[in-house]
Amino acid sequence: MADTTTSTDAAARARRETIRKGLGRRHLTEKLFRGFGIGAILIALGLVGTLFWMVISKGYPAFTQANATLEVYFDPEILSFDPAPVRGAGQSDADYRAAHLGWQRAVTMANWNRIVENAVVNAAPQGFEIGSREALALIDAGERHRLRDMFVANPNLLGQRVSVDMLASANTDNWLKGTIDRNLPDARQQLAASTRQLADMMLENGTIEFRFAWHIFTNVDSRAAPAAAGLAGAFVGSLYMMLVVIVLAVPIGVASAIYLEEFAPKNRLTDLIEVNINNLAAVPSIVFGLLGAAVFIRYFGLPLSAPIVGGLVLTLMTLPTIIIATRSSLRAVPPSLRQAALGLGASKTQMVFHHVLPITFPGILTATIIGVAQALGETAPLLLIGMNAFVAAIPATPFDQSSALPVQIYLWQGNENRNFFEARTSAAIMVLLGLMITLNAIAVILRQRLERRK
Amino acid sequence: MTTDTFSAGAPFAMSASPTAVPAEPVKETVRTIDPAANPARLRTDDVSVFYGDKQALFDVSIDIPEKSVSAFIGPSGCGKSTFLRCINRMNDTIEGCRVSGDITLDGENLYDPRLDVVELRARIGMVFQKPNPFPKSIFENVAYGPRIHGLAGNKADLEEIVESSLKKAGLFEEVKDRLHQPGTGLSGGQQQRLCIARAIAVGPEVILMDEPCSALDPIATAVIEELIDELRENYTIIIVTHSMQQAARVSQKTAFFHLGKLIEEGPTEEIFTNPREKRTQDYITGRIG
C-alpha cells in the first residue's frame, strides 16, 4: 500500500516536472505573440498619425489666404460706356432686355484690369515704381470679374471710391507664406521683384491680411483665378453621387441580401450567385468604370461627367459590400428568435420584417454607411466616365456635368502651380477625410443608440 | 384519413414502410390504448424523418390523448425532439429534411399540401428548450401572436388576451408592474413562462414543449412543472424531456424512444413501474442513455 503511494507520488512529481519544463517555452510564445500584436498596432497607429500630421500640416495654411483691402475707384474715364438703359414707357420686355444685354456687353468690354491695377498702384507708398503688369499680378485674376459684377448690380458706383476686399493672387500668397523659396534668383521667381517688394510692404502696413478662406467651400474650381478655386462643385457632385448610391444600392443590396439569406432555396444556382457576389467585391474599381462607360454612357446615352453615371457606377461597386455585410449580420441572428416567431405561426415574411430586420438594423446601417463612405472616396472609376474633366460650375441636377471630391484632389494634385496647390490638395483631402469621419461617426452613434434601445 | 381502433393492450404489428432504410428489419411497435385516457384527436401513423439520406426516425405511430400531458423520453439523439417538431412542421425549416407517414389532427392530415402551415402553428403552439422571448417588451411578446393572427379586435381586447395569458402562465403577478419592460430582462424561469404565455395567447389546441426546463434551475423547473399540470385542463400538451423524474411527475402518458424508434408507449405509471420492453426497463433504471 505504502509502496503504491510513493510510486504514484513519484509519478505525480515527474509529471509536474515535465509540465514545468514546458512552461517557459509556452510563456515565451505568448509574450512574443503579444509583443508582435502590440508592435503591429503601434506601427499602424504611427502610420495613421503620420498621414494625418502630414495632411493637416500641409493643408491648414490653405484655409487662410492673403486678402488685400484696396480702395477701388470706378473711374468714369476707364468705364466710358453709356449709362445703364432705363426702361422707357411703352418699351416691350424683349426690347428692354436686349438693350440691357447690350449694355452689359459694353461693361464687360471695359478695361477692368486697369481699375484693379490703379487700385494697387494707389495703395503703394508714394513714389514706389511699379509697372502695370507687375501691379496687376498682385491680385487674383478673378477679382476684376467681381468688380464688374458689383458694378452691374449697382451702376451708381460710377465715379465713386469704394474699399473692396480682394483676394491676392496665388503667387502673392505663395510669396507671403514662404511656400516659394525667397532666395531664388529673379529669373526663377513667379513674381517680379517690384511685386514681391510691394506685397511685403502691404503685409507690413496691414493692407494685406491673412483671412479664413471661406471661398474654398463656396467657389467652384478655377484655372484662370487659382486663388479663388474652391470645392463647391466637387462637393455637390459627390453629394449627388452619394444620394444616387443610397437611393439605389441600399434598397437593392438589402433586399437581395434578405432574399438570398432568408428565402432563396440552397441550390447550385444560389451557390453560383453567392460566389459571384463575393467575386464582384474583389473586382478592381476601375473595371466598374469601364463598365459604366460602356453601359451607361455608350448604350444608355447618359451624359458624360455626370453624377448620375458616377452614382450608378459606384452603386454597382458598393452593392457587393452591402450585400455581404447585410448577409453576415442576418446570419448572426440567433436561430431561436426565428423559431420563436415561426412557432407562433408567423409567416416567413412576418418573421423577417417583425423580428429579424429590427435586430439586424444597426448592422445593416453600418454596412450601408461603410459602403457609402467607400463609394465616396472612390476615384478610379470616375476617371473613366469623364468626371476628371475641368468643370467650373455647381451641378444643378445629377444630370449636369460635375466633378467629385476625390477627383478634385486628383486634379489639384496635378496642377502646374505646385507651390499653391500642394496646400489646396491637402485642404481638399482634409474636407474629404472630415466627411468620411463624420459618416463613420454617424454610423457608430446610430448603432450605439439603436442597440441601447433594445 | 382512416383512424385505427385498437382493443386495449393489443399489440399492433406495423408493416415496414416502403421508404425505410432496409439495413435493419423494422421492429414491432407496441401501441396501447389506456381505456382511462382521454380520446385522441392528434394521431400519427408510420412517421419517418430523413435528414438527407440519413433516417432519423423510423415509423412512429402514436395517439396523443386530448387535454393531458404526454411525455417523450429517451437518450440524446433518439429522435424525440425530431418527432415533436414534425407535429407543428417546424422541420420544414430545416434544409434537406423529409417527413413521411401521416400526422392527423381531427382527421385532417397536417402534411396535406393544401394545409396552411401558418394556421397549423396557430393551432399547435411550441415552447423551446432555451427560453427565447423576443427582444421586445413583455406585453409585446404576448401580444405578438394574437396581433399577427388578427385575434384581437381592438386594444382593449388585446390587453385582455395578454393579461389572461400571463395569468394562465402564472406570470402576471410578477410582471404586472413592468409589462412594458423588455422580456429579456426576466429571469430564466420567468422567461420560459413568458414563452408559455406567448404560446397560450394564440389559443392553441396543442402545446409542444421541447425540454422546456433543461436550461432552468430546480426551483424554476418546479414552477413550470406545476404550471404544466394546471395547463392540461385546457390544452393537449406534449413534452420532450431528458428527465425521467419529470416525465413521471407531469405526464399521464409516456413514450420511450431509442435510436429513432418508438420502443414503448403507455400510461406513465405503467411505463415506469411495469415496462414491457427490456430497453425501456434499462433506460428507466439508468443502464442505458
Side-chain angles (χ1 to χ4, degrees), chain A residues 256-275 326-366 446-454, chain B residues 81 84-85 87-96 116-137 140-151 181-185 191-192 194-204 207-210 215:
Chain A
S256 344
I258 291 173
Y259 178 76
L260 286 173
E261 197 57 42
E262 305 284 343
F263 295 96
K266 302 269 172 291
N267 56 29
R268 218 172 261 170
L269 182 70
T270 47
D271 279 352
L272 191 76
I273 291 174
E274 178 157 1
V275 168
T326 305
R327 285 188 75 174
S328 71
S329 67
L330 286 173
R331 230 170 282 160
V333 174
S336 65
L337 185 73
R338 296 166 203 269
Q339 287 184 341
L342 290 178
L344 273 179
S347 67
K348 224 163 181 188
T349 317
Q350 285 173 325
M351 171 193 91
V352 169
F353 284 93
H354 296 167
H355 300 289
V356 176
L357 274 192
I359 74 164
T360 44
F361 187 70
I364 294 176
L365 193 82
T366 315
L446 278 177
R447 200 190 169 111
Q448 278 176 351
R449 221 182 253 169
L450 289 168
E451 276 178 353
R452 206 176 308 139
R453 217 174 52 188
K454 268 195 294 192
Chain B
S81 286
L84 188 79
R85 293 162 59 87
I87 298 173
N88 68 345
R89 288 181 58 178
M90 284 299 276
N91 282 334
D92 288 14
T93 57
I94 298 171
E95 204 76 35
D116 193 331
V117 70
V118 165
E119 189 203 324
L120 167 69
R121 289 184 189 143
R123 291 176 69 189
I124 304 181
M126 188 156 188
V127 176
F128 296 86
Q129 190 167 355
K130 225 183 96 201
N132 56 354
F134 299 128
K136 296 177 193 249
S137 73
E140 283 303 316
N141 261 284
V142 183
Y144 182 69
R147 198 174 273 156
I148 55 170
H149 294 299
L151 298 180
Q181 281 171 25
T184 41
Q191 286 190 17
Q192 196 60 301
L194 178 61
C195 292
I196 292 174
R198 183 175 68 183
I200 292 173
V202 183
I207 302 175
L208 311 176
M209 296 188 178
D210 189 357

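Each chain gets a letter, A, B and so on, in the order its sequence line appears, and its residues count up from 1.
- Distance check, rounded to the nearest 0.5 Å: CZ of B/Phe134 to CG of A/Leu344 gives 5.0 Å.
- For chain A, the nearby part of B/Val202 is the side chain; its heavy atoms alone come within less than 4.5 Å.
- In this structure, chain A has heavy atoms under 4.5 Å from both the backbone and the side chain of B/Arg198.
- Minimum heavy-atom separation, A/Leu342 to B/Arg121: O-CD, 2.9 Å.
- Heavy-atom distances place the backbone of B/Ile124, and not its side chain, under 4.5 Å from chain A.
- Taking A/Gln339, A/Arg338, A/Lys348 one by one and counting their heavy-atom pairs under 4.5 Å with chain B, the maximum is reached by A/Gln339.
- Considering only heavy atoms from C-beta on, B/Pro135 comes within 4.5 Å of A/Leu337 through its side chain.
- Contact between A/Gly345 and B/His149 at its shortest, heavy atoms only, is O-CE1, 3.4 Å.
- Comparing B/Glu119, B/Lys130, B/Lys136 by heavy-atom pairs within less than 4.5 Å of chain A, the highest count is held by B/Lys136.
- Remark: the backbone N or O of A/Ser336 is paired with a side-chain donor or acceptor of B/Asn132 at under 3.5 angstrom.
- Applying the 6.0 Å contact sphere to CZ of A/Arg268 captures no more than 12 heavy atoms from other residues, nucleotides or ligands.
- Between B/Tyr144 and A/His355, the ring planes lie perpendicular to each other; the angle is over 60°, past the 30° to 60° tilted range.
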